[in-house]
Amino acid sequence: MTFLPLRPYTHVSPPIALTPEETARRRSVAQRRRELEEEEARREERARQELRRLQREEQERREREEEERRRALLQEHLRQAAARREEKEREERRIEEERREQIRQQKLLAHQRRLEYTRELDQWRQEQIKRAVSSSSEKEEERRRSAEERRNRIAKLGESLLNNANTAKAARGWVTIQTPESLAWKRRYYKFDLDRGQMLLYPNHVDTAHPIDIVELDSRTEGLHEWYEGFEELEAIPHSFAVQFVHDESWFMYADNEEDKERLLLWLSEAAGIIL
C-alpha cells in the first residue's frame, strides 16, 4: 500500500473583484509596457543594424585602403625595377662605349706610332741612300727609289683607307698564290680581318660564306719582300712579292697590277702588324 506525501497547507486569499476602471487602467498600463518594450526592441534592432552597417563600411574602407596600399607598393616595386633596369642598361652602354673608345684610341695610337716609325725609318733610309749613292749602281739606286716611292704611296694609301669607315669593304680583292705545299699557282679572292690579323681566302667573289683557307698573319709574319731581297725566282713575275713567315716558310703572291699589289701589301702589313 502506497502513501502519498501530504502537501503543506497554504492559505489562499479569495480573489478580489476589480472594478472596470481598475481593469481598464491595468490593461492600459500593460499595453503601454508592451509598447515601450517593442519600442526598445526596435531601437536596439536599429542600433544593431547601424552597428553592422558601420562595421561593414569600416571593413570595406580597410579593404580599399589595403588594396590601394598593395597597388601603391606594387607600383613602387615596378618603378624601382624599371629604374634599376634603366640604370643597368645605361651602365652597360657606358662600359661598351668606353671599351669601343679604348679600342679606337689603341688602334689610333698604334697607327700613329707606325706612321712615326715609318717617317723615322724613311728619314734613316734617305740618309742611308745618300751615303750609298757613290757606291751603288744605277740599277740598285733605281730599285731603292722605286721601293721608297712604293712605301710612300702605300703610306698615303693607308692614311686614306685605314681612317675610312668602309675599311672592311676595301680590304678585299684578287690575288694569285703559291704555297710551299704546291708548285701550282692558285687564284683566290681574299678578305682581311684586321682585328684578328687574318687573311681569308675564297675560291671566288661569290662563295664567301666560308673561307677555304685562313692565313694567320699576326705575330707569325716575319716580313714582306721583293724578288731582289733573296727571292730571285719571282723576278720574271710582274707585281709579285714574297710573304716570309717564321721558321723560314714563304708564300709567293702576285697581284693583277701595281695598284692592287700596293693595296695588298698595305692590308698584309696592317694585319701582320709589321712595318713595310
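For reference, positions follow the sequence shown, starting with 1.
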field: salt bridge (charged side-chain N to carboxylate O under 4.0 Å, His left out) assessment of E148 paired with R144
entry: CA-CA 6 Å; E148 189 65 26; R144 292 192 185 94; over 6 Å; no
message: The test is side chain to side chain contact (heavy atoms under 4.5 Å, CB included); show your working for T221 and W251 and say whether it passes.
response: CA-CA 11 Å; T221 307; W251 285 29; over 6 Å; no
message: Atom CD of residue position E259 - does it have more than 12 heavy atoms of other residues, nucleotides or ligands inside 6.0 Å?
response: no
task: Report yes or no: is the cationic atom of K261 (NZ for Lys, CZ for Arg) under 6.0 Å from the centre of the six-membered ring of F241, at an angle within 45° of the ring normal?
output: no
- prompt: With a 3.5 Å cut-off and no angle check, do the side chains of Q59 and E63 form a donor-acceptor pair?
  reply: yes
- prompt: In terms of hydrophobic clustering (I, L, V, M, F, W, Y; side-chain heavy atoms under 4.5 Å; direct or indirect links), are L115 and L224 co-clustered?
  reply: no
- prompt: Excluding sequence neighbours, so at least two apart, what forms ring-ring contact (aromatic ring centres under 6.0 Å, His included) with Y189?
  reply: W174
message: Quick check: closest heavy atoms across Y202 and R188, and the distance to 0.1 Å?
response: O-CD, 3.4 Å
query: Is there a side-chain contact between R79 and Q75 (heavy atoms, below 4.5 Å)?
result: no
Full working for salt bridge (charged side-chain N to carboxylate O under 4.0 Å, His left out) between E67 and R64: CA-CA 5 Å; E67 180 64 24; R64 286 195 301 273; over 6 Å; no
message: If you define the side chain from C-beta out and look only at heavy atoms, does anything of K186 sit under 4.5 Å from L201?
response: no
Worked check of side-chain hydrogen bond (donor to acceptor under 3.5 Å, both in side chains) between E101 and Q105: CA-CA 6 Å; E101 179 63 20; Q105 291 294 336; 2.6 Å; yes
field: salt bridge (Lys or Arg N to Asp or Glu O under 4.0 Å) against E66, all qualifying residues, sequence neighbours excluded
entry: R69, R70
message: Would you say that R34 contacts Q31 through its side chain, given a criterion of any heavy-atom pair below 4.5 Å between the two side chains?
response: yes
query: Closest heavy-atom contact between V175 and M199?
result: CG1-CE, 4.1 Å
statement: CD (Q112) and CZ (R119) are apart, to the nearest 0.5 Å, by 8.5 Å
task: Would you mind checking if E91 and K88 are paired as a salt bridge, meaning a charged N to carboxylate O distance below 4.0 Å?
output: no
message: Do D193 and I214 have side chains that approach each other closer than 4.5 Å (heavy atoms only, starting at C-beta)?
response: no
query: Can you list the residues that meet the salt bridge (Lys or Arg N to Asp or Glu O under 4.0 Å) rule with E235, with sequence neighbours excluded?
result: none
message: Measuring only between side-chain heavy atoms, which start at C-beta, is E270 closer than 4.5 Å to R114?
response: yes
message: Using a 4.5 Å cut-off between side-chain heavy atoms of Ile, Leu, Val, Met, Phe, Trp and Tyr, which other residues end up in the same hydrophobic cluster as I237?
response: W185, W227, Y228, F231, L234, F252, Y254
query: Heavy atoms, side chains only, cut-off 4.5 Å: are R90 and R94 in contact?
result: no
N/O donor-acceptor pairs under 3.5 Å from side chains in residues 49-57, not counting sequence neighbours:
residue : atom : partner : partner atom : Å
Q49     : OE1  : R52     : NH2          : 3.3
Q49     : NE2  : E45     : OE2          : 2.9
E50     : OE1  : R53     : NE           : 3.2
E50     : OE1  : R53     : NH2          : 3.3
E50     : OE2  : R53     : NH2          : 2.2
R53     : NH1  : E57     : OE1          : 3.2
R53     : NH1  : E57     : OE2          : 2.5

- request: For P180 and S250, work out which heavy atoms get closest and say how close.
  value: CG-O, 3.3 Å
query: Is there a donor-acceptor pair under 3.5 Å between the side chain of Q178 and the backbone N or O of L183?
result: yes
task: Report, as yes or no, whether the 6.0 Å neighbourhood of atom CZ on R100 holds more than 12 heavy atoms from other residues, nucleotides or ligands.
output: no
task: State plainly whether the residues R62 and E58 are in salt-bridge range, i.e. N to O under 4.0 Å.
output: yes
- prompt: Can you tell if the side chain of E262 reaches within under 4.5 Å of the side chain of K156, non-hydrogen atoms only?
  reply: no
- request: Can you measure from CD (Q126) to CG (D122) and round to the nearest 0.5 angstrom?
  value: 7.0 Å
message: Rounded at 0.5 Å granularity, tell me how far CD1 in I274 sits from CZ in R220.
response: 12.5 Å
Rounded distance [0.5 Å steps], NE2 in H239 versus CD in E258: 6.0 Å
message: Run R42 and E39 through side chain to side chain contact (heavy atoms under 4.5 Å, CB included) and show every step you take.
response: CA-CA 5 Å; R42 286 193 296 271; E39 180 64 25; 2.8 Å; yes
task: Under the side chain to side chain contact (heavy atoms under 4.5 Å, CB included) rule, what do I177 and M253 come out as? Steps first, then yes or no, please.
output: CA-CA 5 Å; I177 301 175; M253 300 183 183; 4.0 Å; yes
- prompt: Checking E229 side chain against E226 main chain: does a donor-acceptor pair fall under 3.5 Å?
  reply: yes
query: Out of curiosity, does L200 fall in the hydrophobic cluster containing F245 (side-chain heavy atoms, cut-off under 4.5 Å, transitive links)?
result: no
message: Keeping S269 on the side-chain end and L265 on the backbone end, is there a donor-acceptor pair under 3.5 Å?
response: yes
- request: Measure across D260 and D256 and return the closest heavy-atom pair with its distance rounded to 0.1 Å.
  value: OD2-CB, 3.9 Å
task: Work out which heavy atom in A271 is nearest to a heavy atom in L217; give both atom names and the distance.
output: CB-CD1, 3.7 Å
- request: Using the side chain to side chain contact (heavy atoms under 4.5 Å, CB included) rule, take R196 and D218 through it: C-alpha gap first, then chi angles, then the decisive distance, then the call.
  value: CA-CA 8 Å; R196 297 182 179 179; D218 191 15; over 6 Å; no
- prompt: Rounded to the nearest 0.5 Å, how far does CD of E249 lie from CD of E181?
  reply: 6.0 Å
query: CZ of R71 to CG of L73: how many Å apart, nearest 0.5 Å?
result: 12.0 Å
query: Would you say the side chain of D195 lies within less than 4.5 Å of the side chain of K107, judging by non-hydrogen atoms?
result: yes
statement: The ring-ring contact (aromatic ring centres under 6.0 Å, His included) partners of Y190 (sequence neighbours excluded) come to F192
- request: Consider only side-chain heavy atoms of I, L, V, M, F, W and Y, link residues closer than 4.5 Å, and tell whether W124 and Y117 are in one cluster.
  value: yes
- prompt: Less than 4.0 Å between a side-chain N and a carboxylate O, is that true for E37 and R33?
  reply: no
task: Show your reasoning for whether salt bridge (charged side-chain N to carboxylate O under 4.0 Å, His left out) applies to E65 and R61.
output: CA-CA 6 Å; E65 290 179 353; R61 183 187 64 79; 2.4 Å; yes
message: Strictly below 4.0 Å, N to O, side chains only: are E87 and R84 in salt-bridge contact?
response: no
